[in-house]
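Working notes for the structure below.
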Amino acid sequence: MSEKFSATLRIGDLNDYIAPSQGCVIKAENVGKTRTAPKAAQNEPVKISLKDCLACSGCITSAETVMLEKQSLDEFLSNLNKGKAVVVSLSPQSRASLAVHFGLSPLQVFRKLTTLLKSLGVKAIFDTSSSRDLTLIESCNEFIARYKEKYPADDEKSKSSLPMISSACPGWICYAEKTLGSYILPYISSVKSPQQTIGAAIKNHLCEELCIRPEEIYHVTVMPCYDKKLEAARDDFVFQVDSDGEKVTEVDSVLTTGEVLDLIQMKSVDFTTLEESPVDKLLSNVDEEGHLYGVRGSSGGYADTLFRYAAKVLFGKEIEGPLEFKTIRNADFREVTLEVDGKIVLRFALCYGFRNLRNIVTKIKSGKCEYHFLEIMACPSGCLNGGGQIKPNPGQSAKDLIQLLETSYSENVLVADPFENPRIKRLYNEWLGQPGSDIAKRYLHTEYHPVVKSISSQLQNW
Ligand code: SF4
């Protein structure tokens, strides 16, 4: 069982706990209910752990009933005084949510949070736009390899390595591992999410520059959803410093944007007038003139970046300006294609929300999916709409809020090629070597595992 979180419930009305399409739903008022079950099983508590979560938005993401002890604001605050160097990595989606809430620009939010967190004892605050560039470069490299494998130059039989599916959304990964199982997993990109690549970079490389041992760093990320807490808790993202050394996690704790707002309110800070501090540039996408920079795309820009790169590397086509994504079924399912000599050679799609996601995985299973790449995100509208973001104001519709977030997200952010990012070039020069190198594979890639649901297996017997 996970040490991070556990809950106990009695075997009760299955429908209260497991909805076929929505996974595990735990409601406080239902916990402890009992219903007819074999004698031996009656009153036997069934243990569920964080690993049983399907990230279905039914319990964890609504945050109504479950406290993730090691992933809470209290835990973060208590670690400020434990002698460890606390490092915070801020997501651009969280930055946009706070910016809209306070009527500030994303850069102002970054600077003000730097003031606030450093006043509490945080050693450094970075920006996951930088590690997203690292993730994107590795993903570009992986896509080219998969495409060449699928369409070999010689007569060798192609392997079914496409569509490649993005891996940055833990809601999607949970669903794939726990509900879809082994057939889908080979399609998922092996590259870790930006949350985990920044954790890997801090604890395996930058710690040396900061002259701190990895086990002495307490690394916290600020993310738009609760599902990122599940991701950080995966065993795959724990490593041992040496043969008898203690285990180190890439990300020790995840705070949602809403929890950071709670922190601001708890400390009675007037955030709008708070002084602005210079940001830590070591691993942040801020240039020498103080401008934010990054890729297009508020859910990571995977489809956008990989499409441009593949068009250039595979077909010699440079694409300038925004890509024209065409709406297919609804605003959350859009595609972009590249034609060469009248033939579609690249077909990419953005696929957000479980409704679209289920349709596309059915096509993959039946061998009828024509896409080469899918940017899959569990939340409708993508990461700006994550369950951990600040809620709409009274009277404000979710749609209006998303619109404001989209505008703020890219406000004054210079569009930049990840391959030209000086912070990331430095990581390759000093640490990783080339994209896709053995070192990059060791630290920046991961594996997925089909999971037998432990609740189901225990309930099978009655
Ligand atoms: S799509 Fe939603 S669940 Fe997935 S990473 Fe983004 S905010 Fe989290």
Side-chain angles (χ1 to χ4, degrees), residues 22-24 50 53-63 66 68 71 89-98 100 128-129 131-132 135-136 139 165-180 188-189 191-199 221-234 237 251 254-260 294-295 297-304 330-334 349-358 360-361 374-392 398 401-402 405-406 409 446 448:
Q22 291 191 319
C24 178
L50 190 53
C53 176
L54 290 169
C56 60
S57 300
C59 57
I60 300 283
T61 44
S62 66
V66 181
L68 302 175
Q71 301 271 358
S89 299
L90 174 65
S91 71
Q93 292 85 5
S94 300
R95 206 166 55 192
S97 182
L98 288 161
V100 167
T128 60
S129 305
S131 58
R132 181 180 58 191
T135 293
L136 287 168
S139 302
I165 308 176
S166 61
S167 56
C169 171
W172 150 243
I173 297 295
C174 269
Y175 179 70
E177 287 184 329
K178 296 181 179 177
T179 304
L180 302 176
I188 302 177
S189 165
V191 184
K192 293 179 186 174
S193 73
Q195 167 171 280
Q196 297 309 136
T197 53
I198 203 163
T221 60
V222 179
M223 289 286 148
C225 65
Y226 288 86
D227 300 351
K228 284 285 175 189
K229 296 177 190 251
L230 301 173
E231 181 179 76
R234 286 173 71 93
F237 303 143
V251 177
V254 179
L255 296 179
T256 63
T257 318
E259 286 170 315
V260 170
V295 295
S298 54
S299 291
Y302 290 85
D304 191 293
N330 48 62
D332 275 338
F333 197 110
R334 288 175 291 146
L350 306 174
C351 174
Y352 298 169
F354 271 95
R355 184 166 53 121
N356 290 322
L357 194 161
R358 282 197 202 100
I360 202 71
V361 293
L374 293 163
E375 180 179 304
I376 287 187
M377 297 287 157
C379 293
S381 304
C383 292
L384 285 175
N385 190 28
Q389 295 281 70
I390 299 168
K391 304 294 171 240
L401 178 58
I402 293 289
L405 290 169
E406 289 281 359
Y409 184 87
T446 187
Y448 309 100

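Atoms within each ligand, like the ligands themselves, are counted from 1 in listed order.
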Next item on the list: Ignoring hydrogens and angles, state whether a donor on the side chain of Thr257 or Ser97 is under 3.5 Å from an acceptor on the partner side chain.
Entry: no

Notebook entry, point to check: Going from CG on Leu136 to OG on Ser129, what distance comes out if it is rounded to the nearest 0.5 angstrom?
Noted result: 10.5 Å

Next item on the list: Number the atoms of ligand 1 from 1 as they appear, then name those within less than 4.0 Å of a heavy atom of Ala378, with their elements.
Entry: 1 (S)

Notebook entry, point to check: Looking at Cys225, Cys169, Ser298, Cys351, which one forms a side-chain contact (heavy atoms from CB on, under 4.5 Å) with Met377?
Noted result: Cys169

Notebook entry, point to check: Would Glu375 and Ser166 count as having a side-chain donor-acceptor pair, cut-off 3.5 Å?
Noted result: no

Notebook entry, point to check: Near atom 4 (Fe) of ligand 1, is there an N/O/S atom from Cys225 that is less than 2.8 Å away?
Noted result: no

Note to self: Using a 4.0 Å cut-off to any heavy atom of Gly386, which atoms of ligand 1 qualify?
What the structure shows: 7 (S)

Next item on the list: Return the residue, atom name and 0.1 Å-rounded distance of the protein heavy atom closest to atom 4 (Fe) of ligand 1.
Entry: Cys169 SG, 2.3 Å

Note to self: Using a 4.0 Å cutoff against the non-hydrogen atoms of Pro170, which atoms of ligand 1 qualify?
What the structure shows: 5 (S)

Check: Short list, please: which atoms of ligand 1 are under 4.0 Å from a heavy atom of Asp227?
Finding: 3 (S)

Checklist line | Straight-line distance of Ile376 CD1 to Ile188 CD1, nearest 0.5 Å | finding: 8.0 Å

Notebook entry, point to check: How long is the span from the NZ atom in Lys229 to the CD atom in Glu259, to the nearest 0.5 Å?
Noted result: 3.5 Å

Margin query: Report whether any nitrogen, oxygen or sulfur of Cys383 sits less than 2.8 Å from atom 6 (Fe) of ligand 1 (N, O or S, backbone or side chain).
Written below: yes

Checklist line | Closest approach of any protein heavy atom to atom 2 (Fe) of ligand 1, naming residue and atom | finding: Cys379 SG, 2.3 Å

